[in-house]
Engineer: 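This is the structure I have questions about; it appears just below.
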Protein chains: 2
Amino acid sequence: MGRAGLTTERVVRAGAELADEVGFEQVTVSEVARRFDVKVASLYSHVRNSQDLKTRIALFALEELADRAADAVAGRAGKDALVAFANAYRDYGREHPGRATAARFPLDSETAAASAGVRHARMTRAILRGYDLAEPEQTHAVRLLGSVFHGYSSLETAGGFSHSAPGSEESWTRVLDALDVLLRNWPATPTP
Amino acid sequence: MGRAGLTTERVVRAGAELADEVGFEQVTVSEVARRFDVKVASLYSHVRNSQDLKTRIALFALEELADRAADAVAGRAGKDALVAFANAYRDYGREHPGRATAARFPLDSETAAASAGVRHARMTRAILRGYDLAEPEQTHAVRLLGSVFHGYSSLETAGGFSHSAPGSEESWTRVLDALDVLLRNWPATPTP
DNA sequence: TAATTTGCCTAAAGGTTTTAGGCAAACGCA
DNA sequence: TGCGTTTGCCTAAAACCTTTAGGCAAATTA
């Protein structure tokens, strides 16, 4: 029997595809092995354990999503950039629900600090340059935007918006309009 | 050997506590059985399977959260109600991270329709009565609020805001200020 | 070509899930 | 109080996933 040509890279990529097909939670070392037509134990040379596999898929998804987001915002500013960036998130979630779920996988702080998550934060700040927000308000806004993108995508994937009118598409557009207005009229900290 | 006095109710409640201790994903029929000092098979009279257990924990958490939210908004209106409602969500996530994660567990649409999720939606709409939003804008706003609460709580639980200044507490307050401003100045649909 | 490294395999132990069938405690009723 | 029925937890067992240890052969290097 020849070799299957496994590498950590290929294993992780296969895991990401599997996540899109069956859901991130259902990703299993055994199933990935099956896809390569290889015995389970063979994967343990390329991945430490099941948790490690999931973490790597999460990191992979974060990178992929950051790449897309970077492409989307390139050459844009203001609301244009905001909308392009936000759409990169939503589209990723719709095209790759499993990977998008993976991108929300909780990482320990060390891993998170070395992940593409920091690129995401930097890009979000870059977009806020189009609005007039000084620190610490900028950080609050970054967290709000992260919450909205994260939350909307996850509710949409869970089917939360799919069984009532108006359509999710329309809500998304209006939510982005609203966020743009909000960022242009960010309230001053009330004097206590 | 006497009987353990298992009921679906008690099993689900124990599962919810377990979720808070070890994380919702780690909730397992076996571990719940261990807690009751009972053989695993015994639980299968009270719960159909592992998926069913998780679904029931999710429904339980949704009810509990809806009760808290209802208490919080009672007798309040406007920004007062918005803040109380939002805090009910965040506090629940901080006190019961496992249950809060359970409350985000994807339910099939039939189950979701019979869940306390509809109470959540109704309460959100009630809060929006304090603002001047006609349909379909009200629905868009409901979805935005759901995304923010859901997203913020989940990022906070994942530790997303815990390793940088300013503190999450402050961001949360400012996010709510911002949402209040936004709801009072919700943009009109641009004429195409 | 010989030596070494690398890659996948077999074997095996331990844990979770789920079903089937059994026995005894609790309950309902005469 | 005693009898029959129901209910609740148990044993047994099969299927699957995880993970480690050790082996052999293919690929790489010298």
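Quantities reported herein were computed from a predicted structural model and do not represent experimental measurements. By convention in this document, chain letters (A, B, ...) are assigned in the order of the sequence lines, proteins followed by strands, and residues within each chain are numbered from 1.
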Engineer: Would you say CG of D132(B) has more than 12 non-hydrogen atoms from neighbouring residues, nucleotides or ligands within 6.0 angstrom?
Structural biologist: no

Engineer: Taking the side chain of V29(B) as heavy atoms from C-beta outward, which of dC8(C), dT10(C), dT17(C) is closest to it?
Structural biologist: dT17(C)

Engineer: Hey, which of Y92(B), Y89(B), F85(B), F149(B) is the one that makes ring pair (Phe, Tyr, Trp, His ring centres under 6.0 Å) with H120(B)?
Structural biologist: Y89(B)

Engineer: Please state how far atom CG in L53(A) lies from atom P in dC17(D), giving the value in whole angstrom units.
Structural biologist: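 The answer, rounded to whole Å, is 14 Å.
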
Engineer: On the nucleotide dC9(C), are OP1 or OP2 found under 4.0 Å from the side-chain N or O atoms that S42(A) carries?
Structural biologist: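 Answer yes for this pair, as a side-chain N or O of S42(A) is under 4.0 Å from OP1 or OP2.
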
Engineer: Does a nitrogen or oxygen in the side chain of H46(A) sit under 4.0 Å from OP1 or OP2 of dC8(C)?
Structural biologist: yes

Engineer: Distance check: side-chain N/O of S50(B) vs OP1/OP2 of dT17(C), anything under 4.0 Å?
Structural biologist: yes

Engineer: Would you mind telling me which of dT20(D), dT19(D), dC8(C) lies closest to the side-chain atoms of V38(A)?
Structural biologist: dC8(C)

Engineer: Whole Å only: how far is the CZ atom of R35(B) from the P atom of dT16(C)?
Structural biologist: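 Taking CZ of R35(B) and P of dT16(C), I get 13 Å after rounding.
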
Engineer: Check the phosphate of dC17(D) against R34(A), side-chain N and O only, distance under 4.0 Å to OP1 or OP2. Yes or no?
Structural biologist: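 Indeed, a polar side-chain atom of R34(A) lies that close.
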
Engineer: Just how far, in rounded Å, is C1' of dC17(D) from NZ of K54(A)?
Structural biologist: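 That distance rounds to 11 Å.
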
Engineer: Taking only N and O in the side chain of T28(B), is any of them less than 4.0 Å away from OP1 or OP2 of dT17(C)?
Structural biologist: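 T28(B) to dT17(C) OP1/OP2: side-chain N or O found under 4.0 Å.
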
Engineer: Could you tell me the separation between the CG atom of L18(A) and the C1' atom of dC17(D), rounded to a whole number of Å?
Structural biologist: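 Value for this atom pair: 14 Å.
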
Engineer: Write down the distance between CD (E31(B)) and C1' (dT17(C)), rounded to a whole number of angstrom.
Structural biologist: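 Rounding to the nearest Å, CD of E31(B) and C1' of dT17(C) are 15 Å apart.
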
Engineer: Between Y152(B) and W172(B) (judged by ring centroids, cut-off 6.0 Å), do the two rings come close enough to count as a pair?
Structural biologist: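 So the answer is yes for these two rings.
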
Engineer: What integer distance in Å separates D52(B):CG from dT19(C):P?
Structural biologist: 11 Å

Engineer: Could you check S164(A) against R143(B) for side chain to side chain contact (heavy atoms under 4.5 Å, CB included), going step by step and ending with a plain yes or no?
Structural biologist: CA-CA 11 Å; S164(A) 56; R143(B) 291 171 177 180; 3.1 Å; yes

Engineer: In terms of the nearest nucleotide of DNA chain D, which residue is placed more toward the 5' end: Q51(A) or G5(B)?
Structural biologist: G5(B)

Engineer: What is the distance, rounded to the nearest whole Å, between atom NZ of K39(B) and atom P of dG22(C)?
Structural biologist: 20 Å

Engineer: What is the distance from OH of Y44(B) to P of dT18(C), rounded to the nearest Å?
Structural biologist: 4 Å

Engineer: Quick one: pull up CZ in R94(A) and CG in N87(A) and give me the separation to the nearest 0.5 Å.
Structural biologist: 9.5 Å

Engineer: When you measure from the side chain of V40(B), which nucleotide among dT11(D), dT18(D), dT17(C) comes out closest?
Structural biologist: dT17(C)

